[in-house]
Each structure stands twice: as C-alpha cells, then as structure tokens.
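Only one structure is covered here, and it is reproduced in the block below.
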Amino acid sequence: MLWLRSIIYYLIITLIALMVGAVYGTLWALVFALVVISGSLLFHLYNLGRLYRWAQHPRVETVPQSFLLWQEVFDKFYDQVRLQKKQQDRLANTLDRFTSAGEALPDGVIILDEHDRIEWCNQAASVHLGIDRIADIWQVVTNILRQPSLREYLRTQDFAHPLMLRTARPTEQVLSVQLVPFDSTRKLLLSRDITQLDRVQTVHRDFIANVSHELRTPLTVVGGFIETMIDIPDLDATTRSQQLQLMYEQTQRMQRLVEDLLTLSKLENGQQLREEEVDVPQLMRLLAAEAEGLSQGRHQIRIGTIATARLIGNHDELHSAFGNLVSNAIRYTPAGGTITLNWRAEGEHACFGVEDTGIGIAPEHVPRLTERFYRVDRGRSRSTGGTGLGLAIVKHILQRHQAQMVIRSRLGEGSEFAVKFPMQRLITD
C-alpha cells in the first residue's frame, strides 16, 4: 500500500540519519536529514506540478512518467484514464448507433424536455414538421409548428391517443402525432406520414358514396314503377309498355355498373396478366365495326394511320380499353362528327389513338378523368349510358401493360386519347 511504503521510506531515512549521527555527530545527522527531506520535498513538488499541468488537459497518451512512489501514482492515473476513455468510446458508439437507428426510422422522432423544447430530432421529423435541425434546437416545438390542436395536445398530455395533424409545410400532408413519455422529464413526440392512407380512405368513402348515388336513381325509378303497377293493376297497355321499357333501361344501367365494378375489382386485385400476340390492325377493324353499330350512322368512323406492327399483351383487356375510348368518343361527339382510329409507331413508342371532333374537355378536368365516377357533365354521361368507371378501367389495364395515356383536348373542337406502349411490347415483321 502507498501509505505503508511512505512510512517505510521515512523510517529508513531516520535510521540512516541516526547512523550518520552516531559516526559523525548530531550536526551531520541533522544536515543529512535536512538535505534528504528537502530533496524529497522538491521531488514531490515537481511531480505535483506535472500532475497539475496534466490535469488541465487529461489524455491517456500524455500521462507523466516518474519513478518510485510517483510512478505508481501516475500508473494509477493512466489505468483510470484509459478505462474512462474505453467507456467513453463505448458510450459514443452506443450513441452513434442510437442516432443512426433514429435517423433510419421512417417515422419522425423528436425528444422534448419538460418545457416542450426540442433537444433532438431525426431527419423524418425535420421533413414532417419543417424543423431546422440546427437553428430550432432548444426552441419550443409549438413556436415552430403553430397548430392550436398540437398546443392543446401537449398541454393535456394525452399519451393514449394520437393526434391527426394536417400541415402545409413543407408540403400538404396528414400526420399522426403521438406523445410518449420515456423518463421523468423528457418526452418523445412521434410523427407518422399517413397522407397516402388518408387519401385511400377518402377515395374509399367517395367510392361508397358514388356507388350508392349511382344505384339510388335506377332503384328509385324501378321501385316507383313497380309500386305503380301494384297499386294500379289495370294500367293501359301503352303506359305499361313505357314503364317496362324504362325499368329495363334502368336495370341495364345497374347491370353495366355492376359489371364495370367487377372488372375494376379484378384489375385492382392484380391477377396475373395472360399475354399473347395481339393483332392490333385486326382489332382496329373490329373496333371500327363496333363503333358503326354504336353510332347507328350518326358519325363518320374512319381508320387513319394503321401500322402492321402487333403487340404483346392481353387481347380481351386491350379490346376493353380501346373499346372504352372509342365508345366515349361516340358518346361525346355530336351527330355528323368524325371519329378516327390510328395505330402508328412514334420514336420509342407504339401509339394507339382515338381522335374525335366532339365537344372537347376543359383543361381543368383532364387530370381527373381517370378517377372513378368523375364526370365532366353528369347529366350527359347518364343520358348516354356511361357508368363513370370506363376511364378508370382503361387506366388499370394500361398500367398492367406498362402503357401511358396522353389526353389532348380543346373545348368545342374535339379530343385525342393516345395510348403509348413501350417498344419492348411491339412485334414488327
């Protein structure tokens, strides 16, 4: 032990001084003791100075070297500093791993102190809430995100339920925000981007509402006529025939709607595409014949450019998609107009197009045409027998064929619906 060695050291000096005194007298003994003690004191003061200077900037590689008792003291410091450095390195590595894990999370994570000031946040939280990860540290989170609902949520500290937050910074999005305590003073504020889920739920609600609306009218008509026939069994033959005809038309409309819904459901379920070689020129002639029957002589049906190339795809699905485009052109083109079908190669694409001289579409409606039940003119669409699902079906079929639809239209002048297929689906002779 260090104190025992010190006692032994000074006992030895005392014995030597006594021996010097016995041989040379008391004066020499005192001189010897004074010299040795002074040297020992200077040695200790020197090493204390070195220790003090090292303590100003303690590093393991700069621990002083000495001898005797001080070497043992410095060795102890060296061991302690090295152990401390290992622990610091281990803690730093743990912190780095924790920080990396936090940065990798798709959800936002913010650490708040007891006053709701930001101590740390990950990149996702910065994106979700528009937080500057340098300038906004130690700022109160509600001073950055000025949402009354968030302020009230933090005040009540409702840990059991998340808060739905709609923000416009940096982009319009819907966030699910939840507060989680993790020690006596700090809290985690977690944010999750549920914008896409909210849109899906909105589409689902709109879909249910639209289907209900589309079915309500024909069901009301059919139900009303049936009630009339029950209440007045002796209707004249002409009235009965008219009512039966209207009931038949309404049931046909409901049947088309159900068939389109089933088709759309089958496409959205992602059933495997059965591909084959599709003779597009022959399909165009079939579409032209069907268009003549649907038009009943009210329009001029033309086949314009027709290439000899064929496609790799599903014949029935392509027939349905192209037929939808042709029938839409007939519905929205006044009598005497022209519908032109084209099949041509354009650079890196093969393009099927339907041009008409119809009523055209205003630019603000074009981006939404493929939404379910979206109609530019609801009354005209119903009167022509449309279900509002045709272009939604076309969109899904084209996605399954890696194709893209381009719509060009001028109000009052006509429209062109062009379907572009990648060249890898094209077969040329």
Side-chain angles (χ1 to χ4, degrees), residues 203 207 211 252-253 255-294 301 303-332 339-346 348-356 368-375 381 384-407 415-428:
V203 169
F207 176 74
V211 170
Q252 286 294 103
R253 176 181 167 189
Q255 183 177 351
R256 287 195 299 272
L257 178 61
V258 171
E259 288 175 352
D260 282 352
L261 286 171
L262 291 174
T263 300
L264 192 58
S265 176
K266 182 177 69 174
L267 292 171
E268 289 180 338
N269 285 337
Q271 296 181 2
Q272 187 173 2
L273 183 67
R274 181 177 60 83
E275 295 188 342
E276 57 193 329
E277 184 178 314
V278 180
D279 189 337
V280 180
Q282 182 182 2
L283 178 58
M284 289 181 65
R285 288 187 282 270
L286 174 61
L287 291 169
E290 293 174 346
E292 293 282 359
L294 182 61
I301 310 299
I303 295 180
T305 304
I306 181 167
T308 59
R310 298 177 299 281
L311 273 177
I312 296 296
N314 184 280
H315 182 279
D316 293 339
E317 290 189 8
L318 292 175
H319 185 191
S320 174
F322 295 167
N324 260 300
L325 299 180
V326 174
S327 62
N328 280 347
I330 293 171
R331 287 193 183 98
Y332 296 104
I339 287 91
T340 305
L341 280 62
N342 295 297
W343 171 241
R344 56 184 178 268
E346 294 183 345
E348 297 181 356
H349 301 279
C351 181
F352 172 84
V354 180
E355 297 180 41
D356 64 58
R368 300 189 60 189
L369 289 178
T370 57
E371 295 180 13
R372 305 177 198 180
F373 298 110
Y374 184 81
R375 294 186 175 98
S381 178
T384 57
T387 63
L389 295 172
L391 288 179
I393 292 173
V394 171
K395 174 185 174 182
H396 283 281
I397 291 174
L398 298 186
Q399 286 176 344
R400 285 161 63 85
H401 288 79
Q402 296 85 47
Q404 178 185 9
M405 182 164 62
V406 179
I407 303 173
S415 306
E416 179 187 10
F417 286 72
V419 178
K420 294 185 176 182
F421 294 90
M423 289 300 291
Q424 60 263 31
R425 284 193 170 272
L426 196 63
I427 300 175
T428 55

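Both backbone and side-chain heavy atoms feed into the values below; hydrogens, waters and symmetry mates do not. All values derive from a computational prediction rather than experimental measurement.
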With a 4.5 Å limit on heavy-atom distance, are the side chains of [X] and [Y] in contact?
X      : Y      : result
Arg310 : Arg425 : no
Gln404 : Val419 : no
Glu416 : Ile407 : no
Val326 : Leu341 : yes
Leu391 : Phe417 : yes

Closest approach of Pro422 to Gln402 (non-hydrogen atoms, all atoms of both residues) = CD-O, 3.1 Å
Where Asn314 and Asp316 come nearest, the two heavy atoms and their spacing = OD1-N, 3.2 Å
Do the rings of His401 and Phe421 sit parallel, tilted or perpendicular, given the 30° and 60° boundaries?
-> perpendicular
Is there a side-chain contact (heavy atoms from CB on, under 4.5 Å) between Val354 and Ile339 once you walk through the steps?
-> CA-CA 7 Å; Val354 180; Ile339 287 91; 4.1 Å; yes
Does [X] use its side chain to pair, donor to acceptor, with the backbone of [Y] at less than 3.5 Å?
X      : Y      : answer
Ser327 : Gly323 : yes
Arg344 : Cys351 : no
Asn324 : Val394 : no
Trp343 : Ala309 : yes

Enter the distance from [X]:[atom1] to [Y]:[atom2] here, rounded to the nearest 0.5 Å.
X      : Y      : atom1 : atom2 : answer
Ile306 : Thr308 : CD1   : OG1   : 9.0 Å
Ile393 : Ser320 : CD1   : OG    : 6.0 Å
Asp356 : Arg331 : CG    : CZ    : 13.0 Å

Carefully, step by step, assess Phe352 and Leu311 under the rule side-chain contact (heavy atoms from CB on, under 4.5 Å).
-> CA-CA 11 Å; Phe352 172 84; Leu311 273 177; over 6 Å; no
Any chance the side chains of Glu275 and His315 put a donor and an acceptor closer than 3.5 Å?
-> no
Pairs under 3.5 angstrom only: tabulate donor-acceptor contacts from the side chains of residues 278-288 to other protein residues two or more places apart or in another chain.
from: Asp279; atom 1: OD1; to: Gln282; atom 2: N; distance (Å): 3.3

Can you check side-chain contact (heavy atoms from CB on, under 4.5 Å) on His349 and Leu426, steps first, answer last?
-> CA-CA 9 Å; His349 301 279; Leu426 196 63; over 6 Å; no
Passes side-chain contact (heavy atoms from CB on, under 4.5 Å), Phe322 versus Ile397? Steps please.
-> CA-CA 10 Å; Phe322 295 167; Ile397 291 174; over 6 Å; no
